[in-house]
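Notes follow once the structure below has been shown.
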Amino acid sequence: QVKLVESGGGLVQAGGSLRLSCAASGRTFSSYHMAWFRQAPGKEREFVALISGSGFTTIYADSVKGRFTISRDNAKNTNYLQMSGLKPEDTAVYSCAAQTIFGLQSRVDYWGQGTQVTVSS
């Protein structure tokens with residue numbers, strides 16, 4: 001069992017930056033590939049970014065490429081989503097996810113509770 005707890009969300013003006021953190025319980029953090037998803041009101045949840053257990057491989061949604069950076073610190077059991085150049089359309093609940101199989105179509109094994117990011121224009 002892995003528990004994921006996100007933090008770092010909040011209200012920011014367009015063009016601003018935020019860093020989300022996802023702290024994981026357990027001693028096998030490096031064996032999980034970590035992802036971020038987001039869901040805006042009235043919309044389906046969408047993929048944002050994915051990082052491999054080693055941290056060497058990352059994948060981004062086209063909508064955030066060049067603006068967001070996913071990273072991880074396996075010694076701290078934490079992964080991060082650095083968001084810059086934020087736009088009002090980035091407003092959503094951002095959720096952290098853990099996968100045992102790397103890939104955009106892979107099943108998510110564990111979800112965090114989510115953190116709200118609101119970008120004002």
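Just so it is clear, the values below take in all heavy atoms, side chains as well, and ignore hydrogens, waters and symmetry mates. Starting from 1, each residue takes its place in the sequence as its number.
Taking each heavy atom of A14 and S121 in turn, the nearest pair found is CB-CA, 4.3 Å. Smallest separation of non-hydrogen atoms from A35 and Q99: CB-OE1, 4.5 Å. In plain terms, the two heavy atoms of R38 and E46 that are nearest each other are NE-OE2, 2.5 Å.
Through direct or indirect side-chain contacts shorter than 4.5 Å among Ile, Leu, Val, Met, Phe, Trp and Tyr, F29 is connected to V2, L4, V12, L18, L20, Y32, M34, W36, V48, I51, Y60, V64, F68, I70, L81, M83, L86, Y94, Y110, V117, V119. When hydrophobic side chains of Ile, Leu, Val, Met, Phe, Trp and Tyr are connected at separations under 4.5 Å, L104 ends up clustered with F37, F47, L50, I59, F102, V108, W111.
C22 contributes atom SG, which lies 10.0 Å from atom CG of N77 (distance to the nearest 0.5 angstrom). The OG1 atom of T28 sits 10.5 Å away from atom CG of N74, with the distance rounded to the nearest 0.5 Å. Atom OG of S120 sits about 5.0 Å away from atom CG of L11, to the nearest 0.5 Å. Taking CG of D109 as the start and CD of Q1 as the end, the distance is 10.5 Å to the nearest 0.5 Å. Interatomic distance, OH of Y80 versus OG1 of T69, reported as 14.0 Å (0.5 Å rounding).
Under a 3.5 Å cut-off, the side chain of S25 and the backbone N or O of K3 do form a donor-acceptor pair. Using modelled atom types, no side-chain atom of E6 and backbone atom of T115 make a donor-acceptor pair closer than 3.5 Å. Looking only at distances, a side-chain donor or acceptor of R67 sits under 3.5 Å from a matching main-chain atom of G85.
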What's the verdict on side-chain contact (heavy atoms from CB on, under 4.5 Å) for T100 and R107, showing C-alpha distance, side-chain angles and the deciding distance?
CA-CA 8 Å; T100 52; R107 182 189 72 241; 4.2 Å; yes

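In terms of the side chain to side chain donor-acceptor pair (under 3.5 Å) criterion, residue partners of S52 (sequence neighbours excluded) are, by chain and number, S54.
D62 and K65 are joined by a salt bridge, as a carboxylate oxygen and a charged side-chain nitrogen come within less than 4.0 angstrom of each other.
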